[in-house]
Number of protein chains: 2
Amino acid sequence: MLPNALRYFLEVARIGSVNGASERLHVAGSAISRQISALEMQFETPLFERKPRGMVLTPAGEKLADYARRAFLDAEDVAAEIRGRVDTLRGTIRIATSEGLANVFMSEMAYFFREKYPEVRFDIHVVAPPNIALMVREGEVDIGIAFAVGTPIPVHVVRRVRVTTVAIMHPNHPLAARDHLTMADLANYPVALSTPDTTLRQVIDMRCAAEGVLLNVVMVSSHSAGLMHFARQGGAIAFASPISVRTWITDGLLVARPFVEDTAFNRSLEIQTMAARKLPRLVDDFSRFLADEIGGQIAL
Amino acid sequence: MLPNALRYFLEVARIGSVNGASERLHVAGSAISRQISALEMQFETPLFERKPRGMVLTPAGEKLADYARRAFLDAEDVAAEIRGRVDTLRGTIRIATSEGLANVFMSEMAYFFREKYPEVRFDIHVVAPPNIALMVREGEVDIGIAFAVGTPIPVHVVRRVRVTTVAIMHPNHPLAARDHLTMADLANYPVALSTPDTTLRQVIDMRCAAEGVLLNVVMVSSHSAGLMHFARQGGAIAFASPISVRTWITDGLLVARPFVEDTAFNRSLEIQTMAARKLPRLVDDFSRFLADEIGGQIAL
DNA sequence: CATGTTTACGAGTGTCGTAAGAATA
DNA sequence: TATTCTTACGACACTCGTAAACATG
């Protein structure tokens, strides 16, 4: 459907070398090299910088890569639509999200959405937060659900909401009786934290530094569901955004307590899709569904 | 950049015959026929119905045509962006609009927009109202500015506003002293109308039929600016939407008088772009500019 | 010299144009 | 029979893979 030159180009951009792309594509490196030269000839500008250890995109190359990724997805979508005859209300939605959201939040969203569209399949990729937007940009997933991180990657943000951070504890915990907490309140109790690569941990660290509070950290885990269960057993206070733990709270298994003056604790939860991509109907529906849901959740 | 098969396919779709496309493309009909067969093989479904006088798209073919038109524009845009290096803030904006809007409204919009972007060029195509959306859909223009007509053509509507219809007359006209008019009021005076293929004429005819009023029509013209000048000389009452005549009113050359209970007189003015197309930055800017402008005009 | 890209060249594939065949009013 | 699409076939162009040449830390 699209010229091979673009496929080759894209794979070299991904892998960063002609030989690498050659192996993955089962195409001779010479052929790939020639096609890329042809593209550069056509656009009258180099698309890669030739470095000793491979090739990296020039700004012009970046533009072409963005276009090509979009073009392949578009072509794929229209082919599915034409072949499938049906307006693609069945299909697979590919999602990248972080570990903290994959548990309760994504499960709920998938469950509710499948009540509307029973034929939907979800492919959920749990990856490190900075990689979510990258995967969206490169078209490896249709939708990214992530807390915004510093690096601005050019993706389309369907919706962005400010999300608070709350302390999660056993219902009998002494602090469960309090309406609002400060970081200093927690200093006397054991706490459980996520790993430093999470956005959740980052806002907690920042807040502790600002208040000069040193927490009594008894557990650090990259598995947020594990932290929640640890908190449920009374082992420690954990942290989360309200949407990440909703069912546990409503079921009475845990209680959540907000912090006073919470703004420094806020993170931005984003629904991301590829910039300028025409989404398949199903994916578009789900992105709107998500946006509505978290739009409602913001009131929580 | 894109495979020839798609170019051939699209031209056959446009022209409606292989031989016709063969002439325009300077490619043998056999080659075109073969490429189209290949596409149909690839999608495992016919894209054209073979009629005795040529070929017409099947529903599957329509989908592919929509995709292909989009794909070619996208490819063109990205190529310009890569080559031009600059972020394409100079360039040409192609617009299709109706005769009534091309005069005052488009001139104003183009003039104001060029104050922001002096390097902009406009290609304005004045065509019959039903063709505006078609041209947008087929990618012959970037933006369509049209009053909505019955046939729903799948284009993206950037903005839609309800626009009233007013009577236009010389400042000394007896009716100029009235605040609101009815159709019956006009029966005693000569009026000038646009041709029946215009949306303006259609709403007037409908309203006259509803009220059972017979107008004293002294002029019918397909050139709305001519009708305005005729009204200005006192020859007749003409009709227009407020935005079509704004400068003439503000300059005091003509006066506009609204009708009582005007809703049946409303038309929907639409800013249209190709569905799901990623607009070049310049075009996107202009479409937003237009939307803002007519958004403001609605209060008029 | 190890790694990675580009050029040279023969083999294979695909596309094109001419011309003949088939379908339809 | 006039128009249009499709198939047959030889000529040409393009792409590929192997292998050698080139660039660089």
Side-chain angles (χ1 to χ4, degrees), chain A residues 1-62 64-65 68 71-72 75 79 82, chain B residues 1-62 64-65 68 71-72 75 79 82:
Chain A
M1 192 70 187
L2 272 73
N4 280 341
L6 278 189
R7 272 207 3 256
Y8 300 170
F9 166 79
L10 220 46
E11 194 61 25
V12 173
R14 259 178 54 83
I15 304 296
S17 90
V18 171
N19 287 343
S22 168
E23 284 185 22
R24 298 183 119 272
L25 295 172
H26 308 291
V27 171
S30 64
I32 295 174
S33 176
R34 238 179 298 114
Q35 295 291 6
I36 288 176
S37 297
L39 282 177
E40 292 179 321
M41 195 93 78
Q42 186 186 336
F43 290 114
E44 297 169 330
T45 180
L47 299 170
F48 289 100
E49 281 182 63
R50 274 68 173 175
K51 303 253 171 159
R53 291 267 164 241
M55 310 178 67
V56 303
L57 288 170
T58 61
E62 293 273 8
L64 184 61
F72 276 104
I82 289 174
Chain B
M1 192 69 187
L2 271 72
N4 280 341
L6 279 187
R7 273 209 357 259
Y8 300 170
F9 166 78
L10 219 46
E11 194 61 24
V12 173
R14 258 177 56 83
I15 303 298
S17 91
V18 171
N19 287 343
S22 167
E23 283 185 23
R24 299 184 116 268
L25 295 173
H26 308 291
V27 171
S30 64
I32 294 174
S33 175
R34 240 178 297 114
Q35 295 293 0
I36 287 176
S37 298
L39 283 177
E40 293 179 320
M41 195 94 78
Q42 187 186 335
F43 290 114
E44 297 169 331
T45 180
L47 299 169
F48 289 99
E49 280 182 64
R50 274 69 174 174
K51 303 251 171 159
R53 290 272 163 239
M55 313 182 58
V56 303
L57 289 169
T58 62
E62 294 273 9
L64 184 61
F72 276 103
I82 289 174

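Note: hydrogens, waters and symmetry copies are ignored here, and every other heavy atom, side chains too, is used. To find a chain, count down the sequence lines: A is the first, B the second, and so on, and within it residues start at 1. This structure is a prediction, so every number in the text was calculated from the model and none was measured.
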Could you go over nucleotides 21-25 of chain D and give all protein N or O partners under 3.5 Å, atom names and distances?
none

Rounded distance (Å) that lies between atom P of dG17(C) and atom CD of E23(B) = 14 Å

query = Per the end-axis method with five pairs at each terminus, what is the bend angle of the helix from dC1(C)-dG25(D) to dA25(C)-dT1(D), to 10°?
reply = 30°

task = Mind checking side chain to side chain donor-acceptor pair (under 3.5 Å) for N19(B) and listing every partner two or more places apart, or none if nothing turns up?
result = none

note = Heavy-atom nearest pair, A71(A) first then L2(A), reads CB-CD2, 3.5 Å

query = For R24(B), does the CZ atom sit with more than 12 other heavy atoms under 6.0 Å from it, leaving out its own atoms?
reply = no

request  = Could you walk me through whether M55(A) and V18(A) pass the side chain to side chain contact (heavy atoms under 4.5 Å, CB included) test, one step at a time?
outcome  = CA-CA 8 Å; M55(A) 310 178 67; V18(A) 171; 3.2 Å; yes

key: Nearest-Å distance for atom pair CD1/C1', residues I36(A) and dT7(C)   = 15 Å

inquiry  = Can you confirm whether I82(A) sits close enough to L64(B) that some side-chain heavy atom of one is under 4.5 Å from a side-chain heavy atom of the other?
reply    = yes

Any protein N or O atoms within reach of nucleotides 12-18 of chain D? Criterion: under 3.5 Å, listing atom names and distances.
{"unit_1": "dC16(D)", "atom_1": "OP1", "unit_2": "Y8(A)", "atom_2": "OH", "d": "2.4"}
{"unit_1": "dC16(D)", "atom_1": "OP2", "unit_2": "Q35(A)", "atom_2": "NE2", "d": "3.0"}
{"unit_1": "dG17(D)", "atom_1": "OP2", "unit_2": "A28(A)", "atom_2": "N", "d": "2.6"}
{"unit_1": "dG17(D)", "atom_1": "N7", "unit_2": "S30(A)", "atom_2": "OG", "d": "3.3"}
{"unit_1": "dG17(D)", "atom_1": "O6", "unit_2": "R34(A)", "atom_2": "NH2", "d": "2.9"}
{"unit_1": "dT18(D)", "atom_1": "O4", "unit_2": "S30(A)", "atom_2": "OG", "d": "2.9"}

request  = Would you check if Q35(B) and R7(B) make a side-chain contact, meaning some heavy-atom pair closer than 4.5 Å?
outcome  = no

inquiry  = Without decimals, in angstroms, what is the distance between E11(B) CD and dC5(D) P?
reply    = 13 Å

task = Using whole Å, report how far CZ of R53(A) lies from P of dT3(C).
result = 8 Å

note = From CG of L39(B) across to P of dT15(C) the rounded distance in Å is 11 Å

Contact check, side chains of Y8(A) and L39(A), non-hydrogen atoms, under 4.5 Å = no

request  = Would you confirm whether E49(B), through its side chain, and V56(B), through its main-chain N or O, come within 3.5 Å as a donor-acceptor pair?
outcome  = no

inquiry  = Between P on dT6(D) and CE on M41(B), what's the gap in Å once rounded to a whole number?
reply    = 12 Å

query = What pairs with F48(A) under ring pair (Phe, Tyr, Trp, His ring centres under 6.0 Å), at least two apart in sequence or on another chain?
reply = F9(A)

Donor-acceptor pairs under 3.5 angstrom involving side-chain atoms of residues 26-34 of chain A: please list them, not counting sequence neighbours.
none

task = Could you check how far CD of E40(B) sits from P of dT7(D), rounded to whole Å?
result = 11 Å

ask   = So do L6(A) and M1(B) actually touch side chain to side chain, heavy atoms under 4.5 Å?
value = yes

message = Output the rounded distance in Å from CZ (F48(A)) to C1' (dT6(C)).
response = 15 Å

